[in-house]
Amino acid sequence: MRFKVSQTLFFAAATLVLWTPGYSAERPGLLLSPADVEFIRQFRHESPAFSRVLEETATELDLYFETAPDVPEPVDAGGGYSHETHKRNGIAIHDAGIVYQLTGDETDARNAARLLLSYAEMYPGLGNHPQSRGSNPGRLFWQNLNESVWLTYAIQGFDAIQDTLSTAERDRVVSNLLRPMADFLSEGSPGTFDRIHNHGTWAVAAVGMTGYALDDEDYVRKALYGLTGEGDSGFIRQIDLLFSPDGYYSEGPYYQRYAMMPFLLFARSIEANDPELKIFEHREGILLKAIYACVDLSYAGLFFPLNDAIKDKGLDTVELRYGIAMAYALTGDSTLLSIAGLQSSYVLNGDGFRLARARDQGETSPFDYRSRMFRDGPEGRQGALAVLRSGDFSNEQALVLKATSQGMGHGHFDKLGLLFYDNGNEILTDYGAARFLNVEQKNGGRYLPENETWAKQTVAHNTLVVDETSHFSGRLSIAEQSHPEILFFDSTDEVQIASASMEDAYEDTSFNRTVALLDDLATDNPVMIDVLHASSSSEHQYDLPVHFNGHIVDTSHSLEPRISNLRPLGEANGYQHLWLRASTEVPAGENFSVTWLTENRFYTYTVAAQHDMEVFITELGANDPLFNLRREQALVFRVDSASSNWFVSVFEPHGEYNGSEEYTLNSAGLIEDVRFLREGASDVLGIRTGDGSQSILALSLDSDETTSHTVSLEGRPYSWNGFYAFFGEEFAEERELRD
């Protein structure tokens, strides 16, 4: 233990602890301790999986260091040779130090030392990176974020081997590399270091871990409490402000995964050096909640692609390998072992060993995926993300209602947006980010211009667009001032349901949305219900885009294809990127349905038209001269010149297509008709299947369970208390007998 508690301060409703340093020579002292090293060496034979990862890492290091690693002059942006080489070198320093500790092979220690000394020779002569942009330049990398990431790895390698260095070597590495880099990332980059943002988290973690490795009180204090030491910024403040009480991170799960890494690395280092801070108990264990939230905010191993997300990121990422291992070590929760089974490797520390050994000894139990609501905002008052699930894990449905805050600069303009998953696939899709990460030819691996012109725009998402303009006119400063309100959330055996409203996305238009998964219909699979209502004091054009993954096989209305006169659907706000491929008109009172095939299952999407409605089939790719956008497709439902409108949709998975065995089952859906009635603040949705059975979902925006509501549909009254009621086929049969 290096630092002792001396004083307690309270602010921002969180307990902050200040301490006085005390020196300890125990090495290593960050995420790997001498006790861990002894334990792993003694019992390594009990985990063949961990031994395999350790041996593979050692072999990779031998190959990497067969020739002296290159330490090139920093010239390239993300994805370029120098950028990628420095990334690999930082990880190699880390891995070599850890392998040295776990195997005792001094060759690894000397290899790590050689790289550290090479960087110590280069770093003092570096100015700002030639590809740097904006106010957060790096030196070794084009942005100081990457510099922080590099240091969090390299400092662990240094900490693991520093006792093998001569006094002169250690002084050279510390004086020419570690301190200059820590100074640059803190005092030299105050706009990043004191920022409440994932870039700031990486910076404080890098500087704080360096402080622990060098026994430097000043670095650790700045990292914990900000450059002023007052606690208005720094690591503790970031924990308090960036996570909701449910562990949701304001930028969404993709960036939660990325931001979790510095939180976890530094927290584990704090626990090792300042256990009196009880960092994993802070805010009722918020960091552990955040790890669990990352798992819950995924489907089939991939994160829900909210905001600026890269869609191929999921549970098998290095950040979640650390997170799952850490959470298991702290809780002993055997359900986390099933998540480890989705991961391809283990982290090489005491946490990783305990996780691997437990899996090897057969202690795994399934993770409890269930319907949950994740509040947003530090106090949980800035909307929420509702995740509705139905079915077992192998055939599970997941419905996501995004009613969260903006998510800072990485947020998209998609209030009350929707995603739907089934049968292992994303069915109603979200584009995520327009970016080819670390592909130098694509804007240096940075975000593409189309991230602003398409991916962030409202039409790129499954939610309401008014007058072809994005929510908040696409202005971040305005969007950050508002958030949706959660109206209702419930989960029972037969109904999973969530409802939210949005008042300020448009100047004179408000809208609310209720979504549900119904298990008890006369269909093969649970059915999704979506009721979106828009209201204004003046007339508007209302669009509902539905982005889908699949191949259209049938529509209820004949389509007019656009073959020789292909043109964009609009001129701005994302519409300029959508080719209009076909269209049709649906009279008021009719249903429009479309069936598509995704892998081996069919899906029928049925919309009840309140007013005359146009339906457009679109394809992404217009005004994209550099081919930066994926060729995806969407339906756009449009009602023109209405002061209010509801879009009522029923979505049915059904049937099977087997190309190998050459058979098709139930390619047509069972739902035949959808009827909808709104009386005041109450709604009734009737769903009739081909065999004549009917189910009713009744809704009210008044969630008070003591309030009674009655609405008639097709001459029949339906009464209920509270927010909703579901009347299935059994109810319908009883009513027929009474009538």
Distance-minimising heavy-atom pair for [X] and [Y]:
X    : Y    : answer
G424 : Y299 : N-OH, 2.9 Å
E450 : A434 : C-CB, 3.8 Å
L320 : C294 : CD1-CB, 4.1 Å
R172 : L117 : NH1-CD2, 3.6 Å
A112 : G97  : CB-N, 4.3 Å
T210 : A182 : CG2-CB, 4.2 Å

Could you tell me the separation between the [atom1] atom of [X] and the [atom2] atom of [Y], rounded to the nearest 0.5 Å?
X    : Y    : atom1 : atom2 : answer
I324 : L315 : CD1   : CG    : 7.0 Å
Y447 : H410 : OH    : NE2   : 4.5 Å
K442 : R435 : NZ    : CZ    : 14.0 Å
Y431 : E632 : OH    : CD    : 6.0 Å
I98  : D159 : CD1   : CG    : 8.0 Å
Q156 : I93  : CD    : CD1   : 11.5 Å

Sidechain N-carboxylate O distance under 4.0 Å for E84, K87: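 Between K87 and E84 there is a salt bridge, with a charged N closer than 4.0 Å to a carboxylate O.
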SB check R321 D316 (cutoff 4.0 Å):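 A salt bridge is present here (some side-chain N lies under 4.0 Å from a carboxylate O).
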For the pair [X] and [Y], name the ring-plane relationship: parallel under 30°, tilted 30 to 60°, perpendicular over 60°.
X    : Y    : value
F472 : F413 : tilted
F141 : H83  : perpendicular
Y421 : F304 : tilted
Y249 : F263 : perpendicular

Keeping [X] on the side-chain end and [Y] on the backbone end, is there a donor-acceptor pair under 3.5 Å?
X    : Y    : value
T201 : A259 : no
H461 : L419 : no
E396 : N423 : no
W150 : H86  : yes
N425 : I427 : no
D351 : A325 : no
H577 : A622 : yes
D105 : T107 : yes
R195 : G200 : no
T598 : N549 : yes

Compare all side-chain heavy atoms of [X] with those of [Y] and state whether any distance is below 4.5 angstrom.
X    : Y    : answer
L330 : R268 : yes
E426 : P305 : yes
L227 : E187 : yes
N349 : Y322 : yes
L126 : L140 : yes
E147 : L151 : no
V347 : L31  : no
H471 : Q406 : no

CA sep, side-chain torsions, deciding dist, call: N144, L185, side chain to side chain contact (heavy atoms under 4.5 Å, CB included): CA-CA 7 Å; N144 57 30; L185 293 174; 4.0 Å; yes
Among side-chain atoms of [X] and [Y], is any donor-acceptor pair under 3.5 angstrom?
X    : Y    : result
N146 : Q143 : yes
Q576 : N623 : no
N451 : D308 : yes
D246 : S244 : no
D376 : S405 : yes

Side chain to side chain contact (heavy atoms under 4.5 Å, CB included) between M326 and E271, intermediate numbers included: CA-CA 12 Å; M326 203 171 292; E271 183 77 4; over 6 Å; no
Centroid-centroid under 6.0 Å between F353 and F50 rings: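 Yes; F50 has its ring centre under 6.0 Å from that of F353.
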Verdict with supporting geometry, D430 and D414, side chain to side chain contact (heavy atoms under 4.5 Å, CB included): CA-CA 10 Å; D430 191 288; D414 59 345; 4.1 Å; yes
Evaluation steps, ring-ring contact (aromatic ring centres under 6.0 Å, His included), between Y212 and Y219: CA-CA 8 Å; Y212 281 131; Y219 284 153; over 10 Å; no
side-chain hydrogen bond (donor to acceptor under 3.5 Å, both in side chains) partner of N307, the single match among K456, K402, H412, E251: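 Only match with N307 under side-chain hydrogen bond (donor to acceptor under 3.5 Å, both in side chains): K402.
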Could you list the donor-acceptor pairs under 3.5 angstrom formed by side chains in residues 61-71, with sequence neighbours left out?
{"residue": "Y64", "atom": "OH", "partner": "N89", "partner atom": "OD1", "Å": "2.5"}
{"residue": "D70", "atom": "OD2", "partner": "Y81", "partner atom": "OH", "Å": "2.9"}

Stepwise side chain to side chain contact (heavy atoms under 4.5 Å, CB included) check, Y248 with L297: CA-CA 9 Å; Y248 180 77; L297 299 178; 3.7 Å; yes
Trace of the salt bridge (Lys or Arg N to Asp or Glu O under 4.0 Å) decision for R631 with D624: CA-CA 11 Å; R631 295 303 183 256; D624 182 24; 3.2 Å; yes
Whether over 12 other heavy atoms sit under 6.0 Å from R475 CZ: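 No, because the 6.0 Å sphere around CZ of R475 holds 12 heavy atoms or fewer from other groups.
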The single option from M260, M261, R257, Q343 passing side-chain contact (heavy atoms from CB on, under 4.5 Å) against T317: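 Answer to the side-chain contact (heavy atoms from CB on, under 4.5 Å) test with T317 among M260, M261, R257, Q343: R257.
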Within 45° cone and under 6.0 Å: R139 NZ/CZ vs F184 ring: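 Yes, a cation-pi geometry.
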